[in-house]
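See structure below.
Per chain, numbering begins at 1; letters A, B, ... match sequence-line order. These numbers come from a predicted model, not from an experiment.
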Amino acid sequence: MVKVSLKDGSVREYTKGTTLLDIAKDISGRLGKEALVASVDGKLVDLTAPLDHDAAVEFFTFDSEEGRQVFRHSTSHVLAQAVQKLYPGTRLAIGPAIAGGFYYDFDSPETFTPEKLAKIEAEMENIIKADLPFKRAAMSRQESLDMFQKAGEEYKVELINDLPEEAAISCYSQGDFTDLCAGPHVPSTGRLKALKLTHLAGAYWRGNEKNKMLQRIYGTSFPKKSMLEEHLFRIEEAKRRDHRKLGAELDLFSLQEEGPGFPFFHPKGMVLRNELESFWREEHKKAGYHEIRTPIILNRALWEQSGHWDHYRENMYFTKIDDFDYAVKPMNCPGGILIYKSSLHSYRELPIRMAELGLVHRHEMSGVLHGLMRVRNFTQDDAHIYMLPSQVKEEIIGVINLTDRIYRIFGFKYKVELSTKPEKAIGSDEIWEMATASLEDALRTVGMEFRVNEGDGAFYGPKIDFHLEDCLGRTWQCGTIQLDFQMPELFDLNYVGEDGQKHRPVMIHRTIFGSIERFIGILIEHFAGAFPAWLAPVQAIVLPITGRHLDYAREVAARLDASGVRVQLDDRNEKVNYKIREAQNQKIPYMLVLGDREAENGTASVRHRSKGDLGARPVVDFIRDISAEINTRQC
RNA sequence: GCCGCUAUAGCUCAGUAGGUAGAGCGCAUCCUUGGUAAGGAUGAGGUCACCGGUUCAAAUCCGGUUAGCGGCUCCA
């Protein structure tokens, strides 16, 4: 007999050699059905494995990360089997589970197309219906090499050769298909109820662009059809909210062939942008920042001094002026530093907080451009804080609080990460420790939860990153706070201390929106284009029912306009229904329907884009309420 | 940059045995004066992304360029 201790603390006894699957079934019929994989003393193993010693056992269903990973990984094997059956001669690379699904990379004479995906999917369904068991076979290095060499699976051979000497090598088979794999897998293909191949992409063997480009097929799978449908619905919803589509529909911005990656902001997009910027200015002024603006083009010597000429060159744009080399700025800091250096500073002045909405240009590879999310020029809501070492903690707390205040207005939840010293870093361990400790100390002081990202800091200093979570649960890295030890040295920054001597100030580099352009993209998707009134390009639209009501409509529109409300008048010769439909599609927060009754009483019938008809109200009341909504920046 | 796919009217898209272009929406004009998500009629609008080739003839076939889309890599 073997003793099995379970997660809940209970201990059960089984005959030696009982499989984990049988144990799961014994615990409960439901667990027997839902368990996908188990861990024995913390190590993940197949459910089909027999248990031959006393152990701590845990079962994982699709509800756990472990269960999902195994489930998707098994699905990727089924994908590989289907592809090799339909397209003989296809060689296999790798096929892991990823967040939300799985993929498999193939090297095939066949070019896969979306139509072929449907065929492959059908073949996968057959394999699942056949309910083939996944069988594990441990083998020696030589055995496995012989086998894959014979099968012409060069990628697998390469993988085996790269495995460490002591590695245990195993293969998994289902039906007549065998793949090199450490496992574990679900017991049989029948577990993989609902699947969908979602898209195709090229991918380099081992992610290295010097290697051969393979064809990657992405897919996802779930134990229930309904779960798959919900997942696909979320993807559809994300597509429906795509900022590129909404940006065009709402006439906010465009991208033109004449300037790939250089977005054009239309009048409505500019309203949104200006609102964001004035909110930003307001908050920064309150937080004691001074706004500056530095030039877009600066000479070569500056970029040599800052290190960009050596380290960031491939991302920069260059030009010549009167035979001298200049660069278009990819970052704002060197310019900002010149302002700091333009005068002598006393310790009494510190901290100095200088903020800049700085337009930077970075050369991105053509293939990565994506709407407003990845562009070649964007506006950083940058700021640099120069301070005494003793002020670091307090300043960081100030930035954290400011960031929190700004994100909160949009209703964003966010997560914080602290990134520590990377392998390649400059500066002594001592300075790093002190700096990292002050970031951590600041986070703890404000009671902020955070995750530590070991070794992910910038080479010049540790950093705190803010990851926004939008309404679809996607995260976006926006804000960042970085301690920078390099620039003050490179630029020989000083302040005069109490002792009358020169000292080196400490510098923080930080953003909150990150990139205004990208933040706008995130907002578009987060709100699905239905911006809160304070951000909406048009806040209210006046809809006269007939031509007879035009005069009254003009008067109402003028009153709103005079009160600072962004109002539009739809004076076209159309029916109200038609006008409402269009206003609704433009996601205008308030519609004011005006007819005989309203003209007579000095009222407006208010319709809200999501709350519907709110009934007739005196125009003054409406102006008062919408103004309050706008001024308090309600979401 | 690389791999794959795509490019027809402002937008969404039709247009296969190569024979000089079509719909709906939008726009303009007219009719209709209509109370909470599409009233009707008429009309304008395209050197079919660009360059080159094959052909008597190219939106359609071939090559190249550019841009977009999905990824790889990187990052705000």
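Atom pair A/Arg362:CZ and B/C74:P shows a separation of 16 Å (rounding to whole Å applied). If you take CG of A/Leu214 and P of B/C3, they are 13 Å apart, rounded to a whole angstrom. Remark: P of B/G4 and CG of A/Asp105 are 15 Å apart, rounded to the nearest angstrom. Distance, A/Glu258 CD to B/C50 C1': 12 Å, rounded to whole Å. Summarising the geometry, the separation between CD1 on A/Ile520 and C1' on B/A76 is reported as 13 Å, rounded to the nearest angstrom. Residue A/Leu250 contributes atom CG, which lies 16 Å from atom P of B/C11 at whole-angstrom precision.
A donor-acceptor pair shorter than 3.5 Å cannot be found between the side chains of A/Thr403 and A/Arg510.
The gap from the P atom of B/G10 to that of B/G45 amounts to 12 Å, rounded to the nearest Å. For B/A23 and B/G52, the P atoms lie 31 Å apart once the distance is rounded to whole Å. Across B/U73 and B/C3, the matching C1' atoms stand 13 Å from one another, rounded to whole Å. Distance check on atom P: B/A44 versus B/G24 gives 14 Å, rounded to whole Å. Nucleotides B/C61 and B/U16 have their C1' atoms positioned 12 Å apart, rounded to a whole Å. When the P atom is used for both B/G70 and B/A37, the distance is 34 Å, rounded to whole Å. As rounded to the nearest Å, B/C31 and B/A49 have C1' atoms that lie 40 Å from one another. With C1' as the reference atom, B/C62 and B/G18 are 13 Å apart, rounded to whole Å.
Here B/C27 is the nucleotide among B/A76, B/U73, B/C27 with the atom lying nearest to any side-chain atom of A/Arg572. Side-chain proximity of A/His370 to B/G34, B/A76, B/G70: nearest is B/G70. Relative to the side chain of A/Arg597, the nucleotides B/A76, B/C72, B/G35 differ in distance, and B/G35 lies closest. If you check B/A76, B/C72, B/G1 against the side chain of A/Ala203, the one that comes closest is B/C72.
No donor-acceptor contact under 3.5 Å links the side chain of A/Tyr204 to the base of B/G71. For A/Glu257 against B/A7, no side-chain N or O and base N or O form a donor-acceptor pair under 3.5 Å. Counting atom types as modelled, A/Arg374 pairs a side-chain N or O with a base atom of B/C74 as donor and acceptor under 3.5 Å.
Between A/Glu364 and A/Arg376 no salt bridge is recorded (no basic side-chain N to carboxylate O distance below 4.0 Å). For the pair A/Asp456 and A/Lys463, the salt-bridge criterion is not met [side-chain N within less than 4.0 Å of a carboxylate O]. Looking at A/Glu237 and A/Arg241, a side-chain N of the basic residue comes within less than 4.0 Å of a carboxylate O on the acidic one, giving a salt bridge. The existence of a salt bridge linking A/Arg554 and A/Asp551 is confirmed by a sub-4.0 Å separation between a basic side-chain nitrogen and an acidic carboxylate oxygen.
Note on A/Val375: a base of the nucleic acid sits closer than 4.0 angstrom, heavy atoms only. Within the 4.0 angstrom heavy-atom criterion, no nucleotide atom of any strand lies near A/Asn315. Counting non-hydrogen atoms under 4.0 angstrom, A/Arg376 reaches nothing in the nucleic acid. Contact annotation for A/Met373: base contact, defined as any heavy-atom pair under 4.0 Å involving a base atom. Counting non-hydrogen atoms under 4.0 angstrom, A/Gln215 reaches nothing in the nucleic acid. Using a 4.0 Å heavy-atom criterion, one finds that A/Arg244 contacts the sugar-phosphate atoms exclusively. At the heavy-atom level, A/Leu369 lies under 4.0 Å from the strands shown only through sugar-phosphate atoms. Using a 4.0 Å heavy-atom cutoff across all strands shown, A/Tyr218 reaches sugar-phosphate atoms only and no base atom.
The 5' end of RNA chain B is approached more closely, in terms of each residue's nearest nucleotide, by A/Gly261 than by the other of A/Ser515 and A/Gly261.
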Between the protein and nucleotides 36-40 of chain B, are there any N/O to N/O pairs under 3.5 Å, and if so, what are the atom names and distances?
unit_1	atom_1	unit_2	atom_2	d
B/U36	O2'	A/Arg607	NH1	3.0
B/U36	O2	A/Arg607	NH1	3.4
B/U36	O4	A/Ser605	OG	3.4
B/A37	N7	A/Arg607	NH2	3.3
B/A37	N6	A/Gln584	NE2	3.4
B/A38	N7	A/Arg581	NE	3.3
B/A38	N7	A/Arg581	NH1	3.2
B/A38	N7	A/Arg581	NH2	3.3
B/A38	N6	A/Arg581	NH2	2.2
B/A38	N1	A/Arg581	NH2	3.1

Nucleotide pairing, RNA chain B (Watson-Crick or G-U, distances under 3.5 Å), in dot-bracket with [ ] and |: (((((((..((((.....[..)))).(((((.......))))).....(((((..]....))))))))))))....
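Checking each of A/Trp476, A/Phe412, A/Phe531 against A/His526 for a ring pair (Phe, Tyr, Trp, His ring centres under 6.0 Å) leaves exactly one that passes, namely A/Phe412.
By the 6.0 Å and 45° rule, A/Arg216 stacks over the aromatic ring of A/Tyr103. Taking the ring centre of A/Tyr317 as origin, the terminal cationic atom of A/Arg362 falls outside the region bounded by 6.0 Å and 45° from the ring axis.
Ring centroid separation for the pair A/Tyr87 and A/Phe106 does not come in under the 6.0 Å cut-off.
For the residue pair A/Tyr407 and A/Cys478, the shortest heavy atom distance occurs at OH-CB, 3.6 Å.
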Side chain to side chain donor-acceptor pair (under 3.5 Å) between A/Thr511 and A/Asp382, intermediate numbers included: CA-CA 5 Å; A/Thr511 64; A/Asp382 220 338; over 6 Å; no
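Within a 6.0 Å sphere centred on CZ of A/Arg408, other residues, nucleotides and ligands contribute 12 heavy atoms or fewer.
Distances shown here put a side-chain N or O of A/Ser366 below 4.0 Å from the OP1 or OP2 atom of B/G1.
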